Amino acid sequence: MASALPGSLQCRPAVRCRVVPAVSLSTLNPAQQQAVRHVHTPLLVLAGAGSGKTLAITHKLAHLVNSLRYAPESIYAVTFTNKAAREMKARAGKLMGETANALNVSTFHTLGLNFIRHEHKVLQIKSSFTLLDEDDSLAMLRDAANLNQVDKQVLFGLRMLISNWKNALLTPEQALEQASDAEQTLAAKAYAAYQRTQRACHALDFDDLILLPAVCLRNEDHVRNKWQHKVRYLLVDEYQDTNGAQYELVRLLAGDRAAFTVVGDDDQSIYAWRGANPENLNQLKADYPKLEVIKLEQNYRSFGRILKSANTLIANNPHLFEKSLWSQKQFGDPLRVMNCANDDDEAERVVNEIMMRKLRGNLKWRDFAILFRGNHQARLFEKAMIERKVPYKLSGGQSFFGKAEIKDVLAYLRLLVNDEDDAAFLRIVNVPRREIGASTIEKLGAYAQRRHKTLLPASLELGLETELSGRPLNALRQFGELIQRYADFCRKGDAIAAINELLRAVGYEGWLYEQASSPKVAQGRWQNVQELLSWLQRSLSDANEKISFDEAVNKLLLRDMLERSAEDEANADEVQMLTLHAAKGLEYPHVYMVGMEEELLPHRTSIEEGNIEEERRLCYVGITRARETLTFSLCTVRKRFGETVRCEPSRFLSELPADDLKWDNAKTETADEKALVRTDRLAALKALLDD
DNA sequence: GGACGTTATCTTTTT
DNA sequence: GATAACGTCC
């Protein structure tokens, strides 16, 4: 085993020269073995839920390295989420030991990020470019295209159009050409302005991480040759989630050799809203006539009844490819449906039941998962678990990066790394308050635009005095100098110490206490900040990979942090709480799908837009996460922004085989009745007032 | 011109 | 039940 080698011999050539045992494929079924062995023409693996897809991929990685002698660093495996990438790395590691570390396993976005880092000169972008998150990107768009008085919804719509164009690899000019109505024309012009500003600020959004590499590979022969030489074999997981740009990226990386395997399942396509195009599965056949298609149809995960129910549900959707999943496992108990009085009741009953079942069945907390449609649904469950001291893990946690204090500190970090990051500048120029308000910013902006400068450098210029004077001018100048000074400290010395000192100098902790409703809340927020900094600290002092301050900040912006912290707690015994989207690819013995109501699981906006099929697939994904038992829950009444609203059971419940469902209607008590009466009375009152 | 308090409006899912 | 846009006060 490679791990038995002394440290000095662990370099790759040494490992490869040793006789490495060929990886055994005997644990795989025939279809899986075929998928692993097939390397000479492009391969599409249609892998149903729980069909041992990751097992096949990891064995293929091992097979390529150990049996076919591919250099591990020439193999690229791409996934969509950090979680999936981490899982694949870990499982490859179990199979092939240390060698697995040399494999390139990452998300599409991380791959793109690394590409841009390597090729930043060709792309004419600073190596210290910044990444914009959703909010920054919107703010930059608003700013760049002068959409100040535009409604947020409209802005959002424009941003989506732009994103779609980027995903289709269209330039602003091309977008303008094919714009068919007034909105699209406006959007195309906004796109042009947005892109100019991005360039000027050396800022990239998430779409650019795919777009730039794809365009660069397409246009620059020497870059394409270089990368096609680097990438000897390419594996893509969850292929149904790729968008146009990602498809192109795969095509260009694979090149004429077309040494690739893609794995996908059209029934699990749940990212169409993000531009994913499951048709890409079909497109492959057209682009690669030699494409081989292998189906994995045996499910190793779920009891028979769960699988049967999932199949029945998904049969209501049209299919790109026909497949039939089957299981050898026992049939199992009926799926239960808990009919609850209200949302509080739902949370309490689910948590109580988990506690009971854990005790009775001698199970672990981590055997249970609670799955929901929207992140906000987690709150009540969190509350119930805290009250009962049940350990839990809330993942998919956009929440951490969505927190205002984290975004503030990240904005400081970004500005330290890149003084041209206007989005970051705007976020924190007056946080904490330093008497720089809207009109000052407006004047600064006007000045900067005329001089083709970005905001921070502009605030330090003497010419600014013609626009501003007195207190506002001084405040701006002081702020600019402060950032410059600390950016210097960060590069020259101990970055973490410098940041701590900067936060102290601006009085950030005190600001948190000022803003928060209670000291306890502020304390929590400050702790979040500390957590962020300690991650940065760890990242910088990681002995394995030497990393610059700039790079560490960029990693943070890619949410890379979740990867790490999840790794630490992977073995913790906690009830898992996640969104249906985040749950894809994962499995649990006992699953609770909560909030099985119309307008929630087929989500309201999806009903309105007629996107029921994707919601059904989402439901399918949820059901197929369960190994042994599956419980649904729904409420008669639910609080929706203060008001209590009646709920209807999800249509998907009625699409499941009735014989396999067991309804549990034990309502708790009269609280719900009261709430019902109250809503009805309110509705009556409203009707009266309207007349 | 900026800070502070009040009201209206929502809330999908993720890199 | 949080946040952004709005209006009022200093």
Side-chain angles (χ1 to χ4, degrees), chain A residues 78-85 106-113 131-135 137-139 148-149 151-153 155-156 163 166-167 204-211 238 241-243 245-246 269-276 371-380 383 395-399 401-404 407 430 432-443 468-473 475 514-517 521 557-560 562-563 578-584 595 599-609 611 614-615 617-619 621-622 639-643:
Chain A
V78 184
T79 63
F80 275 83
T81 62
N82 289 318
K83 211 169 193 164
S106 71
T107 65
F108 261 108
H109 294 268
T110 308
L111 177 66
L113 184 77
L131 265 171
L132 306 173
D133 69 12
E134 205 74 16
D135 286 341
S137 157
L138 279 168
N148 280 318
Q149 50 280 56
D151 179 74
K152 215 184 154 192
Q153 292 240 318
L155 190 73
F156 204 78
S163 183
K166 286 192 172 194
N167 288 336
L204 303 178
D205 60 29
F206 284 129
D207 297 328
D208 292 324
L209 296 181
I210 313 296
L211 172 92
E238 308 282 11
D241 291 336
T242 51
N243 61 35
Q246 286 158 339
S269 158
I270 54 176
Y271 286 105
W273 53 272
R274 205 172 84 183
L371 308 183
F372 35 78
R373 174 71 231 259
N375 280 309
H376 64 279
Q377 287 173 265
R379 202 174 263 132
L380 287 171
K383 200 180 114 201
S395 73
Q398 192 102 0
S399 46
F401 285 95
K403 289 177 166 76
K407 298 186 104 174
N430 203 28
R433 297 253 136 87
R434 41 181 83 87
E435 307 203 301
I436 301 171
S439 63
T440 307
I441 294 297
E442 209 172 301
K443 284 175 189 159
L468 286 163
S469 59
R471 272 197 358 207
L473 180 72
E514 243 172 76
Q515 291 297 301
S517 50
V521 174
L557 292 167
L558 245 196
R559 284 31 174 177
D560 200 44
L562 291 175
E563 218 181 327
L578 9 73
T579 63
L580 289 164
H581 283 88
K584 191 167 69 160
E599 313 230 304
L600 221 75
L601 185 41
H603 192 269
R604 202 172 95 212
T605 48
S606 298
I607 296 173
E608 281 161 8
E609 290 164 14
N611 281 339
E614 178 142 322
E615 298 289 307
R617 287 192 291 267
L618 201 49
C619 186
V621 166
K639 269 203 294 295
R640 200 149 182 172
F641 56 98
E643 254 182 329

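Keep in mind that what you see is a predicted model, and the values were worked out from it rather than measured. A note on names: the letters A, B, ... follow the listed sequences, proteins ahead of strands, and every chain is numbered from 1.
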Between protein and nucleotides 1-3 of chain C, what N or O pairs are separated by less than 3.5 Å?
| residue | atom | partner | partner atom | Å |
| --- | --- | --- | --- | --- |
| dG1(C) | O6 | Phe641(A) | O | 3.2 |

Applying salt bridge (charged side-chain N to carboxylate O under 4.0 Å, His left out) to Glu435(A) and not counting sequence neighbours gives Arg471(A)
Residues two or more places apart in sequence or in another chain: which of them pass salt bridge (charged side-chain N to carboxylate O under 4.0 Å, His left out) with Lys639(A)? Asp344(A)
Holding to side-chain contact (heavy atoms from CB on, under 4.5 Å), I want the full list of residues that pass it with Arg640(A), two or more places apart in sequence or in another chain. Glu599(A), Arg604(A), Val645(A)
side-chain contact (heavy atoms from CB on, under 4.5 Å) involving Ser106(A) - partner list, sequence neighbours excluded: Thr110(A), Leu111(A)
Please list, chain by chain and in numerical order, all residues satisfying side chain to side chain donor-acceptor pair (under 3.5 Å) with [X], sequence neighbours excluded.
| X | value |
| --- | --- |
| Arg433(A) | none |
| His603(A) | Thr605(A) |
| Ser163(A) | Asp207(A) |
| Ser137(A) | Arg159(A), Tyr194(A) |

Stacking between Phe108(A) and the base of dT15(B) (centre distance under 5.5 Å, interplanar angle under 30°)? no
Mind calculating the distance between [atom1] ([X]) and [atom2] ([N]) to the nearest angstrom?
| X | N | atom1 | atom2 | value |
| --- | --- | --- | --- | --- |
| Glu599(A) | dT13(B) | CD | C1' | 17 Å |
| Gln515(A) | dA4(C) | CD | P | 12 Å |
| Arg604(A) | dT13(B) | CZ | P | 14 Å |
| Arg433(A) | dG5(B) | CZ | P | 10 Å |

Examine dG1(B): is either OP1 or OP2 under 4.0 Å from a nitrogen or oxygen in the side chain of Thr440(A)? Give yes or no. no
What N/O pairs connect the protein and nucleotides 7-10 of chain C at under 3.5 Å? Give each pair on its own line.
none

What do you reckon, is CD of Glu609(A) surrounded by more than 12 foreign heavy atoms closer than 6.0 Å? yes
From C-beta outward on Glu435(A), which listed nucleotide comes closest to its side chain: dT13(B), dT15(B), dG2(B)? dG2(B)
Pair pattern of DNA chain B in dot-bracket, where unpaired bases get dots and | marks partners in another strand, Watson-Crick or G-U under 3.5 angstrom: |||||||||......
Any non-hydrogen side-chain atom of Glu238(A) less than 4.5 Å from a side-chain atom of Thr79(A)? no
ring-ring contact (aromatic ring centres under 6.0 Å, His included) partners for Phe372(A), two or more places apart: none
